[in-house]
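For reference, the structure discussed in these notes is given below.
One-based numbering along the sequence shown.
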Amino acid sequence: MKEFQANTYLPTRLGLPQEALAELHRRCRVMEVRKGDFLLTEGQRCRHSFLIERGLLRQYSTDDKGKEHLLLFAAEGWFLTNVEGVHFDLPSSYTVQALEETRALLIDEALLTKMSASHPAFARFNREMLHEHLLRQQRRITQLLSDSAEQRYAAFTEDYPEMSLRVPQAMIASYLGITPESLSRIRRTIAGKNSPKARSRFLP
């Protein structure tokens with residue numbers, strides 16, 4: 001598992017003066033939860049972003065038939081923002097659950113606004129967070145609309161290289177929009193292509 005410390009990541013990424021960093025750390029709340037606990041449930045309002053220091057979260061919705069639709073995973077070093085609540089003050093359409101014991105910093109929107117007004121570097125960082133979130137969601141939509149299941153799985157392993165060892169297969173299948181059985185077939189196909197026998201066909 002990747003080690004991550006917010007007090008190292010934030011100064012490197014933000015370039016803030018020491019007094020600004022001290023204020024940020026002083027005003028951030030820390031949430032420590034056990035595996036299976038919920039940090040946010042559908043219908044709640046959320047005015048903060050989560051910075052994952054240790055552990056793993058998932059964000060998902062549940063349809064009228066009770067089926068879960070997994071939007072994203074967030075591991076060490078990732079920000080998870082509920083855009084509906086933070087930017088529009090709307091109830092969340094998603095649930096956020098810990099898949100491992102997790103420690104996260106809770107950065108309130110009011111603090112983000114204050115820090116952005118006082119420090120240009122933080123304002124830039126805040127914009128980058130939002131842009132990265134939008135880019136990830138745009139890529140997800142494109143993949144679900146136009147990519148094959150095998151292509152979506154390849155993109156998943158690139159975006160989340162350690163996740164297959166940390167997440168149940170059923171959740172990976174939900175993220176990809178396929179059944180667990182289809183995911184098993186894709187893995188067998190990829191394993192077959194990478195086997196020594198298959199590779200020897202292309203050797204001189």
Side-chain angles (χ1 to χ4, degrees), residues 1-62 68-140 159-160 163 166 175:
M1 183 187 303
K2 181 181 177 182
E3 293 295 327
F4 170 78
Q5 291 294 328
N7 58 359
T8 299
Y9 172 84
L10 288 174
T12 301
R13 183 87 182 262
L14 294 179
L16 289 177
Q18 193 61 41
E19 61 273 16
L21 287 170
E23 178 185 0
L24 180 64
H25 282 287
R26 185 173 64 253
R27 297 189 60 182
C28 280
R29 290 177 291 158
V30 175
M31 177 180 282
E32 295 194 10
V33 295
R34 296 170 298 179
K35 179 179 178 180
D37 285 351
F38 296 95
L39 290 79
L40 175 68
T41 57
E42 184 177 345
Q44 286 185 324
R45 279 181 163 82
C46 178
R47 297 289 292 168
H48 53 257
S49 298
F50 301 95
L51 171 59
I52 315 308
E53 186 173 26
R54 181 185 71 249
L56 177 63
L57 305 177
R58 67 166 178 151
Q59 184 178 24
Y60 67 94
S61 63
T62 306
E68 294 180 356
H69 302 276
L70 211 153
L71 181 67
L72 60 83
F73 299 103
E76 294 82 8
W78 281 62
F79 275 89
L80 191 157
T81 301
N82 181 262
V83 175
E84 296 163 303
V86 170
H87 296 286
F88 299 99
D89 194 28
L90 294 173
S92 175
S93 300
Y94 299 96
T95 295
V96 177
Q97 183 183 31
L99 299 180
E100 301 172 353
E101 289 191 3
T102 298
R103 175 185 171 93
L105 299 183
L106 276 60
I107 306 179
D108 289 334
E109 176 62 16
L111 178 58
L112 289 176
T113 300
K114 178 180 178 181
M115 298 291 290
S116 295
S118 304
H119 305 285
F122 198 91
R124 183 176 64 251
F125 173 70
N126 197 17
R127 287 196 303 271
E128 288 175 357
M129 280 200 303
L130 179 59
H131 294 165
E132 287 176 6
H133 175 82
L134 293 173
L135 178 61
R136 285 198 298 267
Q137 297 313 306
Q138 187 178 50
R139 287 180 60 194
R140 283 276 284 138
D159 291 340
Y160 300 100
M163 209 57 64
R166 301 173 66 177
Y175 176 85

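Between L40 atom CG and S92 atom OG the span is 4.0 Å, to the nearest 0.5 Å. The NE2 atom of H48 sits 11.5 Å away from the CD atom of E109 when rounded to the nearest 0.5 Å. Taken from CZ in R47 to CG in L112, the straight-line distance is 10.0 Å, to the nearest 0.5 Å. L57 CG to L39 CG: the interatomic distance, rounded to the nearest 0.5 Å, is 5.5 Å. A distance of 11.0 Å separates SG of C46 from CG of D89, quoted to the nearest 0.5 Å. Atom CD in E53 sits 14.0 Å away from atom CE in M31 (nearest 0.5 Å).
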Query - Stepwise side chain to side chain contact (heavy atoms under 4.5 Å, CB included) test for L72 and Q137 - result: CA-CA 9 Å; L72 60 83; Q137 297 313 306; 3.8 Å; yes
task = I would like to know whether R58 and E68 meet side chain to side chain contact (heavy atoms under 4.5 Å, CB included); could you show each step before the answer?
result = CA-CA 11 Å; R58 67 166 178 151; E68 294 180 356; 2.8 Å; yes
Q: Show the numbers, then the answer: is there a side chain to side chain contact (heavy atoms under 4.5 Å, CB included) between M115 and R27?
A: CA-CA 11 Å; M115 298 291 290; R27 297 189 60 182; over 6 Å; no
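When every heavy atom of C28 is checked against every heavy atom of L111, the shortest pair comes out as SG-CD2, 4.3 Å. Among all heavy-atom pairs drawn from G36 and Q97, the shortest one is O-NE2, 3.1 Å. Closest approach of L80 and A74 over heavy atoms only: CD1-CB, 3.9 Å. Residues F79 and R136 approach most closely at O-NH2, 3.8 Å, considering heavy atoms. The minimum heavy-atom distance linking Y60 with L70 is given by the pair CB-CA, 3.8 Å. The two atoms that bring G43 and P91 nearest to each other are O-CB, 3.5 Å, heavy atoms only.
In this structure, E42 contributes its side chain and T95 its backbone to no donor-acceptor pair below 3.5 Å. With hydrogens and angles disregarded, no donor-acceptor distance shorter than 3.5 Å links the side chain of T81 to the backbone of V83. Under a 3.5 Å cut-off, the side chain of R103 and the backbone N or O of G55 do not form any donor-acceptor pair. Judged by distance alone, with hydrogens and angles left aside, the side-chain atoms of R140 form a donor-acceptor pair with the main-chain N or O of L71 at under 3.5 Å.
Listed by chain and residue number, nothing satisfies the side chain to side chain donor-acceptor pair (under 3.5 Å) test with T102 (two or more places apart in sequence, or in another chain). Listed by chain and number, the residues in a ring pair (Phe, Tyr, Trp, His ring centres under 6.0 Å) with F73 are Y160, Y175 (sequence neighbours excluded). Q59 is linked by a side chain to side chain donor-acceptor pair (under 3.5 Å) to nothing, counting only residues two or more places apart in sequence or in another chain. Shown here are the side chain to side chain donor-acceptor pair (under 3.5 Å) partners of D108, two or more places apart in sequence or in another chain: R29. With sequence neighbours left out, the side chain to side chain donor-acceptor pair (under 3.5 Å) criterion links T41 to Q44. In terms of the salt bridge (charged side-chain N to carboxylate O under 4.0 Å, His left out) criterion, E84 has no residue partners (sequence neighbours excluded).
We find that D159 and R139 are joined by a salt bridge, their nearest charged nitrogen and carboxylate oxygen being less than 4.0 Å apart.
Looking only at side-chain heavy atoms (C-beta outward), F50 and L106 come within less than 4.5 Å of each other.
Residue Y94 places its OH atom among 12 or fewer non-hydrogen atoms of other residues, nucleotides or ligands, all under 6.0 Å distant. When the shell of 6.0 Å around CD of E101 is examined, it contains 12 or fewer heavy atoms from other residues, nucleotides or ligands.
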